[in-house]
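Reading through the structure tokens given below for one structure.
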Amino acid sequence: MTDRYLSVARSGVHEIEIKRSRFLCALAPVTSEEAAREFIAGRRRADPGARHHCHAFVLGPDGRTQRSSDDGEPAGTAGTPMLEVLRRREVTDVVAVVTRYFGGVLLGAGGLIRAYGQSVSEALEVVGVLEHRRLALVEVAVSYDRAGRLENDLRASPYLVHATRFGELARFEIGLAPGEAPTFESWLADLTNGEAATTALGDHWVVHRH
């Protein structure tokens, strides 16, 4: 089972124009084939006058489910290069639909492959990519006289500060990679003279911009 994967940060549409043909790439985060196909159908309804609505999607943390369609373009010139960009960028749980309005100039197979790939690549840059990591969350509780120094040390450390809460004690949720807990516990004990209390919160998927 994977402990890390990338996906798009949000839905969005990006347009490029090549030899008067318009290519509108719509991206969206999805977690099922049904959701991906609903998004594809929605793009068809949104642009009913377009000649082609080519698509590609990748699903699952391991990217196991992969589908693509040329939607009437010459075989292998649209869906395949779109899917290849998603695979190369290692993004999953994502659907891409490129809607093409023909501009009257034939692009040829090579031109189409470059155009559809470029459309998806540029759209990914526009919407952004998030990294999802499976981390073991640990809550660290300390008294306020140690909290300021500890927070500074935590944020300067390689450990991920996932959340902070302040009640009777200062509490920090720390995300630890697999196998990192013993090193962290030792580091924390040295830093606080053993005065910090830790509670394991279990594994969680934690998201941050890539």
Side-chain angles (χ1 to χ4, degrees), residues 1-134 205-210:
M1 182 178 292
T2 183
D3 291 314
R4 171 190 175 275
Y5 68 93
L6 303 176
S7 191
V8 291
R10 60 181 177 84
S11 299
V13 180
H14 177 68
E15 179 179 340
I16 64 174
E17 184 173 319
I18 298 174
K19 294 183 179 178
R20 297 204 297 272
S21 276
R22 295 168 57 213
F23 296 83
L24 287 77
C25 180
L27 293 173
V30 290
T31 55
S32 69
E33 188 159 344
E34 180 184 16
R37 298 204 178 279
E38 285 178 4
F39 183 78
I40 295 162
R43 293 303 300 165
R44 290 184 183 280
R45 291 192 297 270
D47 290 289
R51 179 172 289 195
H52 304 283
H53 298 277
C54 307
H55 71 256
F57 58 85
V58 182
L59 300 173
D62 54 2
R64 183 172 300 176
T65 301
Q66 302 181 1
R67 304 280 188 273
S68 66
S69 168
D70 296 312
D71 193 39
E73 293 281 31
T77 63
T80 298
M82 291 170 62
L83 183 60
E84 184 58 34
V85 171
L86 298 179
R87 284 200 300 237
R88 190 171 66 243
R89 291 289 300 271
E90 298 182 337
V91 290
T92 188
D93 283 352
V94 58
V95 57
V97 181
V98 175
T99 298
R100 182 190 180 200
Y101 287 90
F102 182 54
V105 179
L106 294 174
L107 300 181
L112 288 172
I113 289 169
R114 286 190 296 273
Y116 278 100
Q118 178 184 340
S119 183
V120 175
S121 183
E122 288 192 14
L124 284 171
E125 294 297 330
V126 170
V127 304
V129 172
L130 296 178
E131 182 180 38
H132 300 248
R133 295 174 64 195
R134 187 197 304 274
W205 283 103
V206 176
V207 181
H208 65 91
R209 184 167 288 275
H210 193 254

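Values in this document were obtained by computation on a predicted structure and should not be read as measured data. Below, all heavy atoms of this structure are taken into account, side chains as well, without hydrogens, waters or symmetry copies.
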task: State, with a plain yes or no, whether a side-chain heavy atom of V126 is found less than 4.5 Å away from one of R10.
output: yes
- line: V8 and A28 have their tightest heavy-atom pair at CG2-C, 3.8 Å
- request: List the steps and the verdict of side-chain hydrogen bond (donor to acceptor under 3.5 Å, both in side chains) for D70 and Y116.
  value: CA-CA 10 Å; D70 296 312; Y116 278 100; over 6 Å; no
message: Any heavy-atom pair between the side chains of V120 and R89 that's under 4.5 Å?
response: no
- line: Taking every heavy atom of G79 against every heavy atom of A56, the minimum-distance pair comes out as O-CB, 4.0 Å
- request: Considering non-hydrogen atoms only, spot the tightest contact between H132 and S7 and give its length.
  value: NE2-CB, 3.9 Å
message: Within this structure, what is the CZ-CZ distance for the pair R4 and R133, rounded to the nearest 0.5 Å?
response: 8.5 Å
message: Can you confirm whether E38 sits close enough to V30 that some side-chain heavy atom of one is under 4.5 Å from a side-chain heavy atom of the other?
response: no
field: Candidate list T92, L59, D93, test side chain to side chain contact (heavy atoms under 4.5 Å, CB included), partner T65, passing option
entry: L59
task: Applying side-chain contact (heavy atoms from CB on, under 4.5 Å), run through L86 and Q66 and close with a yes or a no.
output: CA-CA 10 Å; L86 298 179; Q66 302 181 1; over 6 Å; no
message: Could you check whether any side-chain heavy atom of H55 comes within less than 4.5 Å of a side-chain heavy atom of R37, counting everything from C-beta outward?
response: yes
query: Taking atom CD of E15 as the centre, does the number of heavy atoms from other residues, nucleotides or ligands within less than 6.0 Å exceed 12?
result: yes
message: Does any part of the side chain of I40, heavy atoms only, come nearer than 4.5 Å to the side chain of R67, both counted from C-beta?
response: no
message: Please find the pair of heavy atoms, one from F39 and one from V95, that lie closest to each other, and give the distance.
response: CD2-CG1, 3.5 Å
- request: State, with a plain yes or no, whether a side-chain heavy atom of R100 is found less than 4.5 Å away from one of L112.
  value: yes
task: Evaluate the side-chain proximity of C54 to S69: yes if any heavy-atom separation is below 4.5 Å, no if none is.
output: no
- request: Please round to the nearest 0.5 Å and tell me the distance separating atom CZ of F23 and atom CD of E122.
  value: 11.5 Å
statement: dist E131:CD -> W205:CH2 (nearest 0.5 Å) comes out at 10.0 Å
field: For S21 against F102, the heavy-atom pair lying closest together
entry: OG-CA, 3.6 Å
- request: Apply side-chain contact (heavy atoms from CB on, under 4.5 Å) to the pair R44 and D71, showing each step before the final yes or no.
  value: CA-CA 11 Å; R44 290 184 183 280; D71 193 39; 3.2 Å; yes
message: Show the nearest heavy-atom pair for residues S119 and L24, with the distance to one decimal.
response: OG-C, 4.4 Å
